[in-house]
Every structure is written in C-alpha cells, then in structure tokens.
*Asks:* 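There's a structure below that I have some questions on.
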Amino acid sequence: MSSLSRELVFLILQFLDEEKFKDTVHKLEQESGFFFSLRYFEDMVTNGEWDEVEKYLSGFTKVDDNRYSMKIFFEIRKQKYLEALDKQDRAKAVEILFKDLKVFSAFNEELFKEITHLLTLENFRENEQLSKYGDTKSARGIMLAELKKLIEANPLFRDKLQLPTLKNSRLRTLINQSLNWQHQLCKNPRPNPDIKTLFVDHSCGQPNGARAPSPVTNPLMGAVPKAGGFPPLGAHGPFQPMPAALPTSLAGWMANATPVPHPAASAGPIGLTAPNNAAAILKRPRTPPTNNPALDYQSADSEHVLKRSRPFGIPDEVNNLPVNILPVPYASQSHGQSSYSSDNLPKTVVMTLSQGSAVKSMDFHPVQQILLLVGTNIGDIMLWEVGSGEKIAHKTFKVWDLSRCSMPLQASLKNDYTVSVNRVMWSPDGALFGVAYSKHIVHIYSYHGSDDLCNHLEIDAHVGSVNDLAFSYPNKQLCIVTCGEDRIIKVWDAANGAKLYAFEGHEAPVYSICPHHKENIQFIFSTATDGKIKAWLYDNVGSRVDYNAPGQSSTTMAYSADGTRLFSCGTNKEGESHLVEWNESEGAIKRTYFGLGKRSVGVVQFDTTKNRFLAAGDEFTVKFWDMDGLNLLTSTPADGGLPPSPCIRFNKEGTLLAVSTEDNGIKILANSDGIRLLRTVENRSFDASRMAPAAIVKAPNIGTFGPNNATIGTIIGDRAASVAAMVGMNSDSRSLADVKPRIADESVEKSRIWKLTEINEPTQCRSLRLPDSLTAMRVSRLIYTNSGVSILALASNAVHKLWKWQRNDRNLNGKWVPGEASGPITYATYSCDSQSIYVSFEDGSVGVLTASTLRLRCRISPAAYLLPNPSLRVLPLVIAAHPSDPNQFALGLADGGVHIIEPLESEGKWGTSPSVENGAGPSTTSDAEPPQR
C-alpha cells in the first residue's frame, strides 16, 4: 500500500474516532496494521479479554516473527494459563496448555515441561518462581508493564505507536478543498453552489432563477467559501506543477518517482506505462489549463474521468488520455531483426557434469562465460569450468555465525540442519555472487578468480524460505534484493549488509523478483505465489502496480538483454503453464506463446537470449520460441535424461545452455560459436602453459613435512592460474566471448588425432614416498582425511599409520613436498569430482580413465614414481583420491610405502580426453583386463 493510501487510513481513523465509531476504529487499526493503540491494548489486558488481545495483536505480528513477539505471546498465554489454574479450572488449563503454549516447546522444551508440571500442584504458587504471584489484578498489572516494554522494543511496532499530528477534521477539510476545486472548474459557477452529494463530481447547473440552499448549512461540510473568495487553484488542491517529463514508457506508473506531493490518495490499479488506448486506467492528473474547457480532466477525489463536453468528432479513446500524453505505439519493430536463425540456438550436447545432487539454480559468470555457478537441493554450491569439465570450487551449507541468527532460525536449524538452495546469482561484474537458501539465510561470496572464494556477507534475510535473490544499482550503489516466504521484499547494501528498504504489500509468499531500470528510474517487479504482480520504486512509498499473472500462477519475470521487452513464465497449482510478453504501455499481455504443457510438474523455468529467443524447460525437453512469433520454434531432448521441468540457463552471449538432468547432473549444450569458445579455451590453456611458463608456474619453495620438520624437497605449488587468468595475462582485457579462435583450416582441426598421454619418467609428474620407520608391510587400505592434509593407511598386520602435514607460510596449500622418488587390476577409485577413475595394475602402472566414457587418457608407468630395484617387485595395492583436488591421489604399495602423485604444475591435469568423433584413444579393454574388483 502506498504511503498516501496509508495516510488516507489515518484520516479515516481520525474521522471514525471523532464520530465515536469505537469498534470500527480498532478493527481498522488491526486490519491495516498502521497504528497500534496501546491504550486499547491496555484496557483489554486489564479486563482479561485474551482472545481479543491476540486477535488485535495478529494484525501487527505473529508468534514466530522475532524474539520480542514470541515473548509477548508467551506472557499473555502464560497469564491466561495461570488464571485458569488459580480458578481450579484444570480442564481449561489443559486446553490452554496444548492449544496455546505447546507451540513454544520447540524453542524451550524444558520450560514447557516445567509449565506442564504446574498441573500436578495443588497451588501453582508452590513453584519457587511463582511464589510471589499475587492476585489476578496485580499479576495483570505487572505483566502489562512488561508487555509495553516488549512492544516498544519490537521493531515490528516501530512507527506504529504514535498517530501523525493532524488538525481536527482533516478529512472534512480535504473534501471541502476538493469541492472548491471542482466548483472553480464549473463553466457557470454559482456564488452559492448546491452541494447535494459526494458520490459524484460537483457541477453547477444552468442558472434558472431558483437558488438551492448554500452548503454553509450542511453540517458535514462546514463553511465553504463563496465563489469570489475561493483560494487560488493549487493553494490547497492536490495539483502541483509537473516535474520534468519522464520517459514515455514510464509516465503512467512511475511518474511519482520524483519528490513531489502525490496527486490523490486513491490506490486503484495502475497501468505500467502511458496508455495508448481506452484500456488505460488511472494516471497522474495534470494541472488543467484555464483556456480550454473542452479538454477532459480527472477529479481530485475520484478515479473516474469528469464527463464533460468534448469537441465533435474526437473519440473517447483519445480524449480519455491524460493531458499532454499522446498515444505511443509499441516499439516492437524497433528491435533490429538480426540474422539469427534456429540454427544459432545451442542444441548440441558437448559435455555432461556430474553434480551429485539435484540442481535447483544455475548462473553463468557475466564475464568469464565458461564459469557456471550451481546450487543444489542439499545446500551445496559448486563452480564449474565447463571448458575443461573441472569443478573448481565446492561449498557446503554452513551458518557462518550462529550467534547472530534469529531465534526462529536457530530453532529451525536445531531441528533440521538441511537446507536447499533456491537461487544462485552473479553480480553484474562477477565480483560477487549470492546464494538464497530455503531457511532464512542469504550468503554473499566474493570471487577472485580460479577457485578463490571468500565469505563476504551472511544475512538473516527473511522468516522462512528466501525464495529469490538479485542484484541492482539504485542510486549508483550495488545492492542485493531478496524476497521470501514472509511476503516481504528487502534491499540490502552489498558492501556491509545493511538493510536499506523493506517492501510490504503481498498477501502471499513472494516467489520471484526482477529489478530493472528505465533511464534513471530504478524499480523492482515482484511476483507472489497467489499470482499477484507488483512493482516498487526505491522510496518506501508502496507498490505502484497490482495486477494478476496469467492463470494466477507462480511466475518469474525477465527482460530481454537490451532491457526493452518484458516476459514472464509461470505455472499454477493445476499444472498449467503460461509464457507471455507484456505490453508495458498498458500493463497488459501483448503476446501469449503456445507450446507449453498443460500438466507441468513443478514451476517451468525460462530464460531469454540474444534479444531474439526464449527457452523453457518443459515435458522432459528444452523448448525454444522466437520472441516475435507465437508458436514453438523448435525443441531438443538434449540426448534424453532430462527431468519433467529441467532447470535451464544461457550464458551471456547465448552460445552455451546449461540444463539439469534427472540423474543429478548438468548437460552443457552449445551452438557452433559455443563449440569454438570451448575449443579456444582448451587451446589457450594448452598454449599458455608452454609459451609463458615463467608467468604461470611458481618458483619452487622449500617446505616442511611432518612433526620432525624434515626438509623433503620442492613444494608442490598452487595450481596453474585459471584459463581466464591465462588469457588475460598479456594485458588483453577482452572476455573470451569477444575473442574468436584463429583457425587456419577447419579441416585440419578436425583431422587432429588424439594421443594417449604416457608418463614414463619421474620428471613427467610429481611424486613422494612418505617416510616410514616401521617394519615394511603391505598396505591393505588407504584413505585421505576430509581436510586433505592427512593420510591414514592400514597395513596387513593390522597397524594403522597416519601421516599429517600442516599448511604454513611455506606450504600454503598443505600439499606434499615431492622428491625423487598393464596387467590385472589391483584397485580402482573415482576422483573427488567423479570425472576420472584411477586404476592400478599388477605391473605397477596406473591408468587415468575418463569416467563418462571409460577411455584411458593417461598411463603412469612404475618408473615415473618408483626407484629401480630389480630384486624387489613392488606393486600398488590401493588408491586413495584426494577429497578436494581431483588430480591428486595416493598409492599404497606392497612394501608398505605410500606415494602421493599429481601432474606437473605446467600440465595441471592428467592428459586430455580422447575425441569421440575420431574414435581415437584405446578403451580400457584394449590394453588390460576389464576393470573388475
């Protein structure tokens, strides 16, 4: 509700109070939630009207809103319970205990047990804490003093305990001013106007001799000045000089963005922009010129148009437009028709990422367009580099500072710590990303390239689920916009997490938000689960738009990339989905797209790309539409395996499309440009590691190992810089999407033969045999600890061996210091990202297989990590994969030794995957026995 509508409520409250409508006054206070009468509350508590007390409170707060509210309701219900016990009405006491007090057991079970125990006492004053309980009247007085303190401290009651300062009969005064203004517009104003009703606009009739009684005698209106004594127009009327013209597309519903008084207190439905036909509804009134009585104006107290004479031949559609606003055609054809065709859509599956849990939200990095951020149904977030298929960062849900969380959140996490990610979103520059969780919390991370993620902000944002999150720039300040189950939209400072705005008005949980701007006007669209759509300016005035989504559906909204066209897609409770384009000039649907299913499972997700195409995940496929068409353009099943309503996301250039799969994975679809982009990334990372090693590979450092601090050798440094960092090392500020690959001859590119990577020398990898002073016994089992800085081995004689090392200034990654150091399969295990399989053989070699194809891409011979010793046959018996580094693993040997192995820093990973197109590269069956355990 807008602030002027709020002020109108205060005027009505004053009028009702002056007219002695006491019950109606308090009913309106409760239903509006604008003013909490402490005096009325005090009377009800003193009289023990407990049901009325809670009913009145319910208009302002609920039990679980915050700790103050919880304490208020608890004290009231406890007093009611004690009074029932004091009257020996045990049946009533039991009813209150289980109906009213049991809700608090989730927050303090011991207290609830103690309250229950009072039933067993003959007199509850036998309880030590209640021994000073007096009679009912004094107890209520003591409780009332406590309740008043809690209400005054409760932020939900802030600015609701004092009425605004108003002159007496302010509403009557405004009506008089409105009548004066209407009377001045009369063609033939009478000295003593005849005011018979307020239901229609005033207009003096033609003089016919008889005069009606003056409104001075009307007790409701009071004194009305005569025509000659009217104040100048605008002195008291609501029409002020117009500010500078706003963009035409916003003039209708955002004209109030400027800091001038609002023209009227009416809060009727408002169109999106300046109207171009008779469907337009209330717009900002203009000051009527005095020299053209034939034009049409709106009255001050009515949403309807004054029915006055019009020039002959001008239709209603034109004449009903606000003054100085001309019909503006919808500029749908202003979008230059590009040369894109459906062949430009990303429909070729180029990669599958094994996520491990159900995907809930995805977002590509706005600059490094091969980086994909993913959130899942178990609260995990992952950062993938789709160029290599490498998971470069992984975070599980954890509250960073539980002590600063609200009581409802603490109670919720105590009962169930599991959460789901509802939304992940990058900031416009990619320096931050936000995560909205299903329980209260929003996490903001800062991103510094590669796998460098840092905790930035933890915000206890909403009561219940945080349903959506976005970034915006009001007043040139980066902000975070959130919405939630508590029906509120909130805006936070992205630098320090301070709450800047809170928008209330939805009557159902807010499902999604869509911040946008038109020239210098910043605003937010919000949609709720009841199908209501509202729009807000950053001014705490209230919603400026209130209309229904098609089908009363849970809806998401999005603009085209150039910000000129608005779309929405949603699904209602019956499973009907609607994809539409909105006509901003009217706040009405311009175009409805056909092809979505009638019984969708879940809410259909959609996305836009290239200012030309729409895509939605529906009926186990990805469907595409041309923005200027109506019917389905094309669709793809993405080689199968998609869920009924898959999650989808384009990268910024529309060359890649990420799609969630039924088996908790992600498929990356690409068009020809996307395939070139991924190939460019691979080529650049390959070239950068060889052409500029000095800039990438760190100088070796001397590290320490174990408790003895014995120097072992050269430290295994940080991983090579990310591909994006490599590309930018030569002062090239262009994004990868801007760089076209230099391919001399595509036929030559296709004819390249993949070659298996063979590691036969110690210089081709890094390895280290861990020191062991115990008797050599073969290793039966081997495992890393979760931190990745310890290894536990089980020898065949049942002895456990533990090696530990520390992260320090000389060994920042906590990695090992390397030193000099096919036949039947002995062991096999997955890498931590499930993209590779490590296989050890009896001949001492180790194979690295691509998990998705079981193709061998790298073979490590025994000579690469074992010292030559013809008299001793040593073979690897077990393998342990590092818990966070997918390219490091440990081998447990038959002689009791443990070796840690990883690729050279300049290589970064174990070989490359063979191309499926050319069939190159032997499978595991071509060189060894099938992998069996």
Side-chain angles (χ1 to χ4, degrees), residues 2 242-260 262-263 269-277 279-284 286 321-322 324-336 366 427-428 468 470-481 483 489 491 500-501 503 505 512-527 533-547 549 555-568 580-591 608 610-612 627 652:
S2 70
M242 283 299 296
L246 290 163
T248 305
S249 61
L250 292 174
W253 65 277
M254 292 197 173
N256 300 315
T258 52
V260 297
H262 198 286
I270 302 175
L272 280 175
T273 57
N276 62 1
N277 60 32
I281 41 187
L282 178 64
K283 298 293 182 288
R284 183 187 179 103
R286 266 63 174 172
L321 291 171
N324 299 329
I325 297 292
L326 298 178
V328 178
Y330 182 74
S332 62
Q333 300 307 315
S334 66
H335 311 281
S427 64
D468 201 4
F471 290 89
S472 67
Y473 274 103
N475 304 316
K476 299 181 180 180
Q477 173 187 13
L478 181 62
C479 293
I480 304 151
V481 186
C483 65
I489 301 102
V491 181
L500 303 177
Y501 302 94
F503 304 126
S512 72
I513 45 180
C514 177
H516 195 59
H517 66 91
K518 292 284 186 178
E519 296 187 7
N520 62 337
I521 306 296
Q522 298 275 346
F523 56 93
I524 303 168
F525 278 115
S526 63
T527 70
I533 299 176
K534 295 180 181 291
W536 317 80
L537 295 174
Y538 295 85
D539 55 8
N540 284 324
V541 168
S543 66
R544 306 302 179 90
V545 165
D546 189 354
Y547 54 96
T555 298
T556 55
M557 305 185 80
Y559 275 88
S560 56
D562 59 8
T564 61
R565 303 176 71 174
L566 177 63
F567 304 88
S568 73
V580 302
E581 180 180 4
W582 291 91
N583 189 334
E584 284 189 294
S585 64
E586 299 179 20
I589 294 173
K590 173 182 174 64
R591 181 181 283 110
T608 69
K610 296 184 183 233
N611 299 316
R612 182 65 187 273
M627 288 180 178
K652 185 176 181 180

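Remember, it's a predicted structure, so these values are computed and weren't measured experimentally.
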*Asks:* Could you tell me if the side chain of E581 sits less than 4.5 Å from the side chain of R565, heavy atoms only?
*Replies:*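 Heavy-atom side-chain distance check passes, below 4.5 Å.
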*Asks:* Distance-only, no hydrogens or angles: does the N611 side chain make a donor-acceptor pair with backbone N or O of A561 under 3.5 Å?
*Replies:*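 Yes, N611 side chain to A561 backbone: donor-acceptor pair under 3.5 Å.
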*Asks:* Examine distances only and state if a side-chain atom of K534 and a backbone atom of G542 form a donor-acceptor pair shorter than 3.5 Å.
*Replies:*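 Flag not set: sc K534 to bb G542 has no pair under 3.5 Å.
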*Asks:* A side-chain contact here means heavy atoms from C-beta on lying under 4.5 Å apart; do T556 and T527 qualify?
*Replies:*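 They are not in side-chain contact.
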*Asks:* Using every non-hydrogen atom in the two residues, find where I533 and M557 come nearest and quote the distance to one decimal.
*Replies:*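 Looking at all heavy atoms of both residues, the shortest contact is CG2-SD, 3.8 Å.
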*Asks:* Looking at I513 and A470, what are the two nearest heavy atoms and their distance?
*Replies:*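 Shortest heavy-atom contact: CD1-N, 4.0 Å.
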*Asks:* Taking N475 for the side chain and Q477 for the main chain, is one N or O donor matched with an acceptor at less than 3.5 Å?
*Replies:*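 Side chain of N475 to backbone of Q477, a donor-acceptor pair under 3.5 Å: no, none is there.
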*Asks:* Looking at every non-hydrogen atom in both residues, tell me the closest pair between S427 and P366 and how far apart they are.
*Replies:*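 Scanning both residues completely, I find the closest heavy atoms to be O-CG, 3.5 Å.
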*Asks:* Can you measure from OG (S512) to CG (D468) and round to the nearest 0.5 angstrom?
*Replies:*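 It is 5.5 Å, given to the nearest 0.5 Å.
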*Asks:* Would a 4.5 Å heavy-atom cut-off, applied to side chains only, mark C479 and Y538 as touching?
*Replies:*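 Not in contact.
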*Asks:* With rounding to the nearest 0.5 Å, note down the distance linking CD in Q522 to CG in D539.
*Replies:*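 Atom-to-atom, Q522:CD and D539:CG are 12.5 Å apart.
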*Asks:* How are the rings of W536 and F503 set to each other: parallel, tilted or perpendicular (split at 30° and 60°)?
*Replies:*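 Rings of W536 and F503: parallel, under 30°.
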*Asks:* Kindly compute the distance separating CZ (F523) from OG (S472), expressed to the nearest 0.5 Å.
*Replies:*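 F523 CZ to S472 OG: 11.5 Å, rounded to 0.5 Å.
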*Asks:* Donor-acceptor check, side chain of S568 to backbone of T555, threshold 3.5 angstrom: yes or no?
*Replies:*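 Not a single qualifying donor-acceptor pair exists.
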*Asks:* Of Y547, F567, Y559, which is the lone residue that meets ring pair (Phe, Tyr, Trp, His ring centres under 6.0 Å) with W582?
*Replies:*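 That would be Y547.
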*Asks:* For the side chain of H516 and the backbone of F525, is there at least one donor-acceptor N/O pair under 3.5 Å apart?
*Replies:*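 Here the side-chain-to-backbone pair does not exist.
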*Asks:* How far does CD1 of I480 sit from CZ of F471, to the nearest 0.5 angstrom?
*Replies:*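 The distance works out to 5.5 Å.
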*Asks:* Between the side chains of T608 and S560, does any donor sit under 3.5 Å from an acceptor?
*Replies:*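 Side chains of T608 and S560: no pair found under 3.5 Å.
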